[in-house]
S.K.: 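Here it is: the structure, laid out below.
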Amino acid sequence: MKNYLSPSILAADFWDLGEQVRAAERGGATYLHVDVMDGHFVPNLTMGVPLVKQLKKATSLPLDVHLMIANPLVQVPWFLKAGADIVTAHAETLYGEELHAFIAMAHDSGAKAGLSIKPKTPVEVLEPVIDELDLVLVMSVEPGFSGQSYIAGSEDKVAAVAAMARRHGSNPLIEVDGGINGETAGSVIEAGANVLVAGSAIYHTQLTVAAVTTADA
Ligand code: DX5
Ligand code: ZN
């Protein structure tokens, strides 16, 4: 199975964002990971719709928009209109029918639908919609900040998601986000992850895309 890298621009130099995005393109990134935080679902505030709109014009990389926001059903249409190619909301913010409504919103505009779970959220919350999802994002740090350390054992959740998908005969992308670098990538890939998000490892240590993605199991 091929592994894909989604560099997180949260760790990039915003003053030189255009060049940092081009560096991701040159380095062989598959997606560009955009961390949207609203100061409610997570304590931090980061970027929003206007930036996604600008990025859409500036790069041909598909935009992998990670929504750490309290009210995704209100704001998802805005991000879709701005050009998000993948919209990932948090499972903790959607209940019952809302999960299906969110996925339908993404699909109706031709985007991929993803759901993310925080480290303490059981994978079972994904079960009712696992057949409909294009992507599952397993957080391997508490969402809110880049530069945190990988929570050991997160690979077990990746394996549990992969097993659930197999049981249902579905095949979503399995993405991992938080503390991913040349040392931690191997275990999540082995557990079944195929999209790796990396912020600090790419933008702060000059680690190359290849060094992360070839940490193959
Ligand atoms: C954290 C974000 C991550 C973050 C990853 O809440 O969702 O995408 O940017 O950064 P690193 O790779 O530095 O842990
Ligand atoms: Zn993220």
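Atoms within a ligand are numbered from 1 in the order they appear, just like the ligands themselves. Along the sequence shown, the residues carry numbers beginning at 1.
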S.K.: N/O to N/O below 3.5 Å, does that happen between Gly144 and ligand 1?
M.R.: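 The answer is yes, given that Gly144 and ligand 1 share an N or O pair closer than 3.5 Å.
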S.K.: Is there a heavy atom in His204 that sits closer than 4.0 Å to ligand 1?
M.R.: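 Heavy atoms of His204 never come under 4.0 Å of ligand 1.
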S.K.: List ligand 1 atoms under 4.0 Å from Ser8, heavy atoms only on the residue side.
M.R.: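 Taking each heavy atom of Ser8 in turn, ligand 1 has 8 (O), 9 (O) under 4.0 Å.
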S.K.: Looking at side-chain heavy atoms only, is the closest gap between Phe79 and Val34 below 4.5 Å?
M.R.: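 Contact flag for Phe79/Val34 side chains = no.
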S.K.: For Met68, take its heavy atoms, then give the atoms of ligand 1 lying under 4.0 Å from any of them.
M.R.: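 That gives atoms 6 (O), 7 (O) of ligand 1.
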S.K.: Can you name the atoms of ligand 1, numbered from 1 with element, that are less than 4.0 Å from a heavy atom of Pro143?
M.R.: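 Counting from 1, the qualifying ligand atoms are 6 (O).
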S.K.: Working to the nearest 0.5 angstrom, can you tell me the gap between Asp177 CG and Ser146 OG?
M.R.: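 The CG atom of Asp177 sits 10.0 Å away from the OG atom of Ser146.
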S.K.: Suppose I only count heavy atoms of Val197 and a 4.0 Å limit; which atoms of ligand 1 are within that range?
M.R.: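 This gives 8 (O) as the contact atoms.
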S.K.: Pick one: which of Ile174, Leu137, Val176 meets side chain to side chain contact (heavy atoms under 4.5 Å, CB included) with Val161?
M.R.: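 Exactly one pass, corresponding to Ile174.
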S.K.: Side chains of Val65 and Leu80, heavy atoms from C-beta outward: is any pair under 4.5 Å?
M.R.: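 The answer is no, as the side chains (C-beta and beyond) never meet within the 4.5 Å cut-off.
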S.K.: Is there a donor-acceptor contact under 3.5 Å linking the side chains of Asp35 and His33?
M.R.: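 Their side chains do contain a donor-acceptor pair, which is all the 3.5 Å distance test asks for.
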S.K.: Measuring from non-hydrogen atoms of Ala11 to any atom of ligand 1, is the shortest distance under 4.0 Å?
M.R.: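 Judged by the 4.0 Å heavy-atom criterion, Ala11 does not count as contacting ligand 1.
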S.K.: Enumerate the atoms of ligand 1 whose separation from the nearest heavy atom of His66 is less than 4.0 angstrom.
M.R.: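 Going through ligand 1 atom by atom, the ones under 4.0 Å from His66 are 7 (O).
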S.K.: Report the C-alpha separation of Asp85 and Lys56 in whole Å, then their side-chain angles, then the decisive distance to 0.1 Å, and conclude whether the salt bridge (Lys or Arg N to Asp or Glu O under 4.0 Å) test is met.
M.R.: CA-CA 9 Å; Asp85 297 279; Lys56 192 66 192 170; 2.9 Å; yes
S.K.: Can you check the angle at the Zn ion (ligand 2) formed by OD1 of Asp35 and ND1 of His66? Round it to the nearest 10°.
M.R.: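 The two atoms subtend 90° at the Zn ion (ligand 2).
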S.K.: Do His168 and Glu127 pair up side chain to side chain, a donor and an acceptor below 3.5 Å, judged on atom types alone?
M.R.: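 Note: His168 and Glu127 side chains meet the donor-acceptor criterion.
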S.K.: Please tell me whether Asn71 and His40 have a donor and an acceptor in their side chains that are separated by less than 3.5 angstrom.
M.R.: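 No, no side-chain donor-acceptor pair sits under 3.5 Å.
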S.K.: Should you measure from each heavy atom of His33, which atoms of ligand 1 turn up under 4.0 Å away?
M.R.: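 What qualifies from ligand 1 is 8 (O).
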S.K.: Is a side-chain N or O of Asn44 found less than 3.5 angstrom from the main chain of Met37, in a donor-acceptor match?
M.R.: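 No, Asn44 side chain to Met37 backbone: no donor-acceptor pair under 3.5 Å.
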S.K.: Would Ser200 count as a polar contact of ligand 1, with the cut-off being nitrogen or oxygen pairs under 3.5 Å?
M.R.: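 So ligand 1 has an N or O lying under 3.5 Å from an N or O of Ser200.
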S.K.: Would you check whether Asp35 has a nitrogen or oxygen atom less than 3.5 angstrom from a nitrogen or oxygen atom of ligand 1?
M.R.: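 Yes, since at least one N or O of Asp35 sits under 3.5 Å from an N or O of ligand 1.
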S.K.: Could you check whether any heavy atom of Gly179 sits closer than 4.0 Å to an atom of ligand 1, since that is the contact criterion I want to use?
M.R.: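 So Gly179 counts as touching ligand 1.
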S.K.: What angle, to the nearest 10°, do the atoms NE2 (His33) and OD2 (Asp177) form about the Zn ion (ligand 2)?
M.R.: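 Rounding to the nearest 10 degrees gives 100°.
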S.K.: Between Ala198 and ligand 1, find which residue part has any heavy-atom pair under 4.0 Å and reply side chain, backbone, both or neither.
M.R.: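 For Ala198, the contact with ligand 1 is made by the backbone alone.
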S.K.: Decide salt bridge (Lys or Arg N to Asp or Glu O under 4.0 Å) for Glu19 and Arg22; before the verdict, give the C-alpha distance in whole Å, the side-chain angles of both, and the deciding distance to 0.1 Å.
M.R.: CA-CA 5 Å; Glu19 174 48 28; Arg22 285 189 291 277; 3.6 Å; yes
S.K.: Which atoms from ligand 1 have a heavy atom of Leu10 less than 4.0 Å away?
M.R.: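 Near Leu10, the atoms of ligand 1 are 9 (O).
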S.K.: Should you measure from each heavy atom of Met37, which atoms of ligand 1 turn up under 4.0 Å away?
M.R.: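 Ligand 1 atoms under the 4.0 Å threshold to Met37: 6 (O).
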S.K.: Please determine which of Glu124, Glu92, His90 meets the side chain to side chain contact (heavy atoms under 4.5 Å, CB included) test together with Ile117.
M.R.: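 Going through the options one by one, the only one that passes is Glu92.
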S.K.: When only distance counts, is Gly199 in polar contact with ligand 1, meaning an N/O pair under 3.5 Å?
M.R.: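 Looking only at distances, the answer is yes, because the N/O contact criterion of under 3.5 Å is met.
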